[in-house]
Engineer: 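Take this structure first; my questions come after.
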2 protein chains.
Amino acid sequence: MDISAEFVPEGSPKRRQIQVAAEQLFLAHGYGAVSMDQVARTASVSKATLYAHFASKEALFATIMQDKGLETPLYEGMFPEQVDDLRAVLESMGTRLLRFMLRERTLSLYRVALAEAARFPELGRTFYANGPCTMRERFIAWLGVMDQSGLVQVDDRDIAAEQFMALMRSDVFLRRSLSIDPLPTDEEIERSVRAAVDTWLRAFGR
Amino acid sequence: MDISAEFVPEGSPKRRQIQVAAEQLFLAHGYGAVSMDQVARTASVSKATLYAHFASKEALFATIMQDKGLETPLYEGMFPEQVDDLRAVLESMGTRLLRFMLRERTLSLYRVALAEAARFPELGRTFYANGPCTMRERFIAWLGVMDQSGLVQVDDRDIAAEQFMALMRSDVFLRRSLSIDPLPTDEEIERSVRAAVDTWLRAFGR
DNA sequence: GTCTATAGGCCGATAGAC
DNA sequence: GTCTATCGGCCTATAGAC
């Protein structure tokens, strides 16, 4: 995912410091509110060094933010081929997905991508491709298996997958993304996921 | 909604110019990327005049952005008490809601609220209260009427309302909010809404 | 209230020494 | 590659005249 990391394995500690500092600052405060002075100070590096590695603030932001997809092995064991209890599997998937979307890091990336997508078109595209789009594709493929097992009744897998994810972006997620509520408790998350799975199963379950 | 407007009915054209300019600039570019010079220039007003009306950039932003709720009479005739064709009514409601959410002005406010909610907590709260929360409350009230008419089968109106709105925030909305796609066509909107209403009705219709 | 002019500082970016 | 030192400019905010 982060291909450039291979070109700087351990080679340039300063560059690594810059990357870490820039990522943290940009994710926390967005593009406009972060200055190159701040990045240099946080990275314990002079501005000249910073500009030796990145041509401009825009280039730094674009480089750091793009390909910042899902580093988490989110999908590991998420889509079992053998399913006894479909409801339980969907609830486990949903809980995992919603938990991931509610992580501070994911939310920060979402907020920055949304806010700066107009100025950095690649950012919106990359976020979508590495995030929601990948998740949906995997879900669609898994739906194919479930369909063959006769566990679901799905005319249009694309729509079924989209709606599963849309149902996860519930009010809990909206309120948290707007910084209204703190991180919801496990109970709140499970309640929201259970309600979403209920609805999805009534539409697509057999 | 905009209470302060009553204190400056037509009285201060300069103040009105400032409000219009600031709103446009902040919505288009966010907080950090807009300067007071820019606001003054766009409003055809000197910076001193600007600071005579608003104590600081933060105060200007907070004043302009808060209580910028739904000026549109979005809800007018949206919730009919007499319903023959429930599906048609839900599709009409959904289309209207999705269209509103996809308007450039609504999206800009959403992006700014999301990006700056951490720095301006009131902003996230106000956006939620004037937008999604109000819509959900009206939907819940309307669901009560539908329930009495025996047209729907809803255990928890809150969940049913939340999920109706979540289903409207579909992939079409996500892609547009990330500036990936242009404004979707009428057909795309209707297809998305129809699929959402299908699913919602299978879960809550009678 | 409104202007011109400017203070004082931080901005992005660079020159030059090592 | 890395530093110190600094450029010219734009930033938020204000002083003082009218």
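Hydrogens, waters and symmetry mates are skipped; everything else that's a heavy atom, side chains included, is used. If you're wondering where the values come from, they're calculated on a predicted model, not measured in any experiment.
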Engineer: Are a donor atom and an acceptor atom from the side chains of A:S92 and A:T95 found within less than 3.5 Å of each other?
Structural biologist: no

Engineer: Is B:V34 touching bases, backbone alone, or none of the nucleic acid, heavy atoms closer than 4.0 Å?
Structural biologist: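 Answer is sugar-phosphate: B:V34 comes under 4.0 Å of backbone atoms only.
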
Engineer: Separation of A:K47 atom NZ from C:dG16 atom P, in whole Å?
Structural biologist: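 Rounded to the whole Å, the gap is 18 Å.
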
Engineer: Do the side chains of A:R125 and B:D181 get close enough for a salt bridge, i.e. N-O under 4.0 angstrom?
Structural biologist: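 Judged by the 4.0 Å cut-off on N to carboxylate O distance, A:R125 and B:D181 do not form a salt bridge.
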
Engineer: Is the shortest distance from a Lys or Arg side-chain nitrogen in A:R176 or A:E188 to a carboxylate oxygen in the other one below 4.0 Å?
Structural biologist: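 No.
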
Engineer: Rounded to the Å, how far apart are B:L50 CG and C:dT4 C1'?
Structural biologist: 15 Å

Engineer: State whether A:S35 places a side-chain N or O below 4.0 Å from either non-bridging phosphate oxygen (OP1 or OP2) of C:dC10.
Structural biologist: no

Engineer: Is the distance from OP1 or OP2 of C:dA13 to the nearest side-chain N or O of A:Y51 less than 4.0 Å?
Structural biologist: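 Yes.
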
Engineer: Please give, in whole Å, the distance from D:dA13 C1' to B:F61 CZ?
Structural biologist: 19 Å

Engineer: To the nearest Å, give me how far apart CZ (B:R41) and P (D:dC10) are.
Structural biologist: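 Checked: the CZ to P distance equals 9 Å.
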
Engineer: Under 4.0 Å from OP1 or OP2 of D:dC3: is there any side-chain N or O of A:K14 that close?
Structural biologist: yes

Engineer: Tell me the interatomic distance from B:L60, atom CG, to D:dA13, atom P, rounded to whole angstroms.
Structural biologist: 10 Å

Engineer: Between C1' on D:dT14 and CZ on B:F54, what's the gap in Å once rounded to a whole number?
Structural biologist: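 Answer to the nearest Å: 18 Å.
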
Engineer: Quick test of your reading of the model: are B:R96 and B:E76 salt-bridged, counting only N-O distances below 4.0 Å?
Structural biologist: no

Engineer: Has B:R169 got a side-chain atom pairing as donor or acceptor with B:L174's backbone, closer than 3.5 angstrom?
Structural biologist: no

Engineer: Distance check needed: C:dC10 C1' versus A:Q38 CD, whole Å only.
Structural biologist: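 Nearest whole value for this atom pair: 11 Å.
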
Engineer: Side-chain N or O of B:T49 versus OP1/OP2 of C:dG1: is the shortest distance under 4.0 Å?
Structural biologist: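 Answer is no, no contact under 4.0 Å.
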
Engineer: Starting from the 5' end of DNA chain C, give me the residue, B:S46 or A:M36, whose nearest nucleotide shows up first.
Structural biologist: B:S46

Engineer: Nearest whole Å is fine: how far is C:dC11 P from B:K57 NZ?
Structural biologist: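 Taking atom P of C:dC11 as the reference, NZ of B:K57 is at 13 Å.
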
